[in-house]
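The figures that follow rest on heavy atoms only: side chains count, while hydrogens, waters and symmetry mates do not. Order of appearance sets the numbers: ligands from 1, and atoms from 1 within every ligand.
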Amino acid sequence: MKWYQMDVDVVEQKLHVTTKHGLSDKQVEQRRKQYGENRLASEKSTSKWLIFLKQFQDFMVLILLAATLVAGMLGEYIDAIAIMVIVLVNGFLGYFQERKAEKSLAKLKEMSAPVANVLRDGAWQKVLSQDLVVGDVIRINSGDRIPADIRVLQANSLETEESALTGESLPVMKHASPISRDNLDAQDQVNMSFMNTLVTRGSGTGIVVGTGMNTVMGQIASLMVKTKKTTTPLEHKLAELGKVLIAVSLLLTALVVLVGVYQGHAVYNMFLAGVSLAVAAIPEGLPAIVTVALSLGVQRMIKKKAIVRKLSAVETLGCASVICSDKTGTMTENKMTVKEVFLNDKSLYVTGDGYDVKGNIFFNNHKMDRNYPNLESMFLYGMLCNNASLMLRKGKYYVDGDPTDGALLVAARKLGLSHQLYDNYRIIKELPFDSDRKRMSVIAEDENKMRFLITKGAPEVLLPRSAYIMKEDGRKLMRGDDQQTIKRAIDGMADNALRTLAIAMKPLAKDESLDSAVLEKDLSFIGLYGMMDPPRKEVKQAISESREAGIKSVMITGDHEKTARAIATQLNLLPENGMVLNGSQLNNMSVGELRDIIDQVYVFARVTPEHKLKIVEAFQEEGHIVAMTGDGVNDAPAIKASDIGISMGESGTDVTKEASSLILMDDNFATIKSAIIEGRNIYENIRKFIRYLLASNVGEILVMLFAMLLAMPLPLVPVQILWVNLVTDGLPAMALGLDQSEDDVMKRGPRNPKEGIFARGLGFKVISRGFLIGIVALIAFMTAYQDNSDNLIYAQTIAFTTLVMAQLIHVFDCRSEHSIFARNPFENKYLVLAVLSSILLLLVVIYWEPLQPVFHTTALGLRDWALVLGLSFLPSVLFGFTKK
Ligand SMILES: Nc1ncnc2c1ncn2[C@@H]1O[C@H](COP(=O)(O)OP(=O)(O)OP(=O)(O)O)[C@@H](O)[C@H]1O
Ligand SMILES: [Ca+2]
C-alpha cells in the first residue's frame, strides 16, 4: 500500500508517531542516524589541491619559475631558491585568501538555509529543514518551500505549485483523505506534497514520509543542472580592467628590458628583472582580493543582522537611492494591541499594553462586561476566526502566530473569555487570510450543530459584503447612514494611527453550500477593532540618516491610508508636501503616469503585492536604484524586479527569501540602513586598495624605467621586487579592505551605478602618487649611488627601503578621499599592525646577516634612514595640502 492510499492513522502506526505529539527527541536522533540528513546530494566542492595549484597557473608566474630554473642551472642558487620561496609563499597566501572567501560564502549559505515548523515532543518548534526525519509532523504555510515529501494530514485551502517536479505551473489543490486508486503519478497524489514544491496558498500540516535522496525530488536530483559560480559586476569590471593592466604592465616591462639591454645591461639579468617586475606589477590577484573584501564585508553585515544572499548585492547596496519598505513589522514592531472597539454605534476603549491580558473595556469611564449586547459574540468570533495562540512563558504572554490574530485573543481575555470556549465549537473550514483578499473566514459549528460563518478583515473589504448590521436590539438591515457612521469610526481610529479590522458573521443553514465563491456575502456587520502597532524605536533615526545620505524612504502598506499617514508622520517619513497614494489610485495609473509623480510620493497605502511591481518599475524608470522589502509569496515578483530585493528573516516566506538578495534577520527597517552603509563602505574600501596596489605598481615600474633611461644600474634586484610585491601588497592591502568608513560616507549621495572604478579622481591619484613614489625611490638610489658608486648593493638597499617605506606611508593616504591628514592613522588597528609587521620584515631583510646575501642588502645607518624617510613621506604628504 502506498502512503496516499492509507488513512492517516495507518500512516501514524507505520511511522510510530502520533500527530498530536510528534516524534520524541530520541526517535529523531535514531532516525537521523539511520537515514542521514534531509539533503539532496549536492556537487562536490573544488579540492584544496586544485585551489592551491591554481595559484601558479598564471602565465607570468610560470615564466618566472622557468627563468629561475635557468638561473639555478647557471649557478645562481641563492637567487633561484629565494625567488622560488617567495613565489611559493605568494601561492600559499592566494590559497588561503581563496579558501577564506569560499568558507565564508559557505557559512552564508548555511545561515540562509530554510527552516521547518515541526512538532516534537508535543511542542511546535523551528528546526533546519535538513534536520527533518521520517515521521516528523510539520506545519506548512503559503510561501513555504516544502522541506520533504509529506502525506498531508490537514489542509486549509492548501494549494501547491509543483513545477519543480512536474513542469506544471498551475497550482494543485491538496486534501487529506486517502485515495484508493493505484499507480498514481506524483501530480495525481493530491494528499501528498513533495520536497521543493511551493505552497502558493493556504496552510496545512503533514507527516514526513521521505527525506533527502529518498524523495521524489531526490530521484530526479541527479538530473539537475549544476549552479554556475557567478561573478559580481565589480569582479567582472576588474577582470576587464585586469586585462588592460596586464597589457600595459607587460608593455612597460618590455620597455624597461629593452632600454636596459640598449644601455648595456646583460640580457640575462634584464630578463630576470623584467619577469620579476611583470609578476609584481600585474595585479592578477585583484579579483581575488575583491572577493575577499566582499565576503569580509558580508560578515560584518551579518553582525548587523543582514544576510547577503548574492555577493553582487553588496555593490548595488551602495548605489541604492530609494528604500521601499513594508510598514507592518519592518517600520513597526508588529506587536498589535486592540485599543478601541466600535460596536452598537459606540466607540469603546480598551486598556492594557502589549500582549498582557491585564486590562478592561470601557465606555465613557463605565467598565463594560459580557452582558453588553454583541460584545461577547464579537470577541468570541474574534477568537474563533483566528490562527494564533496565546502562551504564557515565564510570567510573560507571547503570541504564536499572526500578531493581528493575537491581539484579538488578548482582547477576548480582557473580557474574561477563556480558551475553554474552544471546546464548544468546531471549525469546519477556513478561508485563509492573504494580502490580496485582505480578509479571513472560518465556518464554525456549535454544540447544537448550528453552523455559521465568521469573516474578519479590512473594513473597506467587509462593508460592501455586509447587508445587515448588529445593533443593541438585534440584527437590522444596513442603511446608508449606518455605513457613514462606520466610516467615520474607521477614520477616527486611523487618524490615531490605529490599524482597523472589521468583523462580521452569517448564520448558515444546514444544507448551505460551503463553496467559498458565494460564502463571504450578505454578512452581518458586528464591529470594528482599532489596533495599535507602535513604530520601532530605531526607525525614525534610520529614516532621517538615510535622507541625509540621499536615500528616500518609502512606506508601502496594506493598511488603511489614514493609519499609514499617521504612522508615516510619526516617523518623520512624510514631508509636508509629500503625497500618499492608495491602491485604487494606483490601479487607475499607468507606470508612466506614476513615474511622473513618484518623486513626490512617500506612502503607498491599501496596496496589494501586485502594486509593488508597478512601484518598482516607476522608480526604476525615474533612474532610481530601488531596494524593496517583502514577506509574502506575492511579493516575490517585485522583490526580483527591484535592484536589491529584501526579505524578512523572521516573518518571511521561503519564496521571498529565495527571490531576495538580502535577508533582514530582525525584520527591521534600520537594518536596511546599516546594510547600505556597509555596502557603501565595502565599495570605498575596494577603491582604497585598488588605489594603493596600482599606485605601488606604478612606482615599482617607474623607478626601474627611469633608471634604465638614465643609463643607471638596476635600482632593484629581482628578489627585492618580488619581496615588495609579497610584503607591501599583501597584508596592508588586506587591512585596507577592513578599514572603517570615512565619516562622510553617509553624507554623500548614493554612488552612480555606472561610475567606473577610476571615477572621482581615483585615476589621477593612482598616477600622481605612483609617479612620485617612483621618483623618490629613484632620487634615493641616485643620491646613494653618486656618493658610493663602488657599492651598488648599498644604493640598491636604499632604493629598496625607500620604495617600501613610501608605499607603507602611502597606504594611510589611501584611507581618505580627501587627504592623508583627514583621518587618524591609528584608527585602523589591522592596518597599523600590517604596516608594523611589514616594517619588521623589512628590517629583518636589511639587518639580519644570513639574509643579506639572499636579498642583496646591507645594513643602513641613521643618516641613510634620514634620507629614506624624508623622501618616503613626500608622495603622500605633498598632495595632502592640495587635497587632490
Ligand atoms: N489575520 C488577519 N485576518 C483578517 N484580516 C487581516 C489580518 N491581518 C490583517 N488584516 C486586514 O488586512 C489589512 C491589510 O493587511 P496586510 O497584511 O495586507 O497589510 P499590513 O498588515 O498593513 O502589512 P504591510 O504593511 O506589511 O503591507 C489590515 O489592515 C487588516 O485590516
Ligand atoms: Ca605590486
Record the part of [X] in heavy-atom contact with ligand 1 below 4.0 Å; permitted values are side chain, backbone, both and neither.
X    : value
R606 : side chain
T608 : neither
T557 : both
D402 : side chain
R499 : side chain

Can you pull out the closest protein heavy atom to [atom]? Residue, atom name and distance to 0.1 Å, please.
atom                    : result
atom 26 (O) of ligand 1 : D326 CB, 3.4 Å
atom 18 (O) of ligand 1 : S435 OG, 3.2 Å
atom 3 (N) of ligand 1  : K456 NZ, 3.2 Å
atom 31 (O) of ligand 1 : T500 O, 2.8 Å
atom 23 (O) of ligand 1 : T328 OG1, 3.2 Å
atom 10 (N) of ligand 1 : F433 CE1, 3.3 Å
atom 29 (O) of ligand 1 : D559 OD1, 2.9 Å

Report task. For A458, counting its heavy atoms only, list the atoms of ligand 1 lying under 4.0 Å from any of them. Result -> 11 (C), 31 (O)
Query raised in the report: In ligand 1, which numbered atoms sit nearer than 4.0 Å to a non-hydrogen atom of K327?
Result: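 Ligand 1 atoms under the 4.0 Å threshold to K327: 25 (O).
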Report summary line: Output for pair (N156 CG, S203 OG), nearest 0.5 Å, gives 4.0 Å
**Report entry** Gap between atom CG of D326 and atom OG of S651 - 0.5 Å precision
**Finding:**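 The distance works out to 8.5 Å.
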[X]/[Y] ion pair, N-O < 4.0 Å:
X    : Y    : result
D482 : R479 : yes
K657 : D631 : no
R451 : E445 : yes
K456 : D405 : yes

Query raised in the report: Is G558 close to ligand 1, meaning an N/O of one under 3.5 Å from an N/O of the other?
Result: yes
Going by atom types only, do [X] and [Y] share a side-chain donor-acceptor pair under 3.5 Å?
X    : Y    : result
N387 : D402 : no
E520 : S441 : yes
N634 : D434 : no

Report task. Please determine which of L528, V350, I361 meets the side chain to side chain contact (heavy atoms under 4.5 Å, CB included) test together with V341. Result -> V350
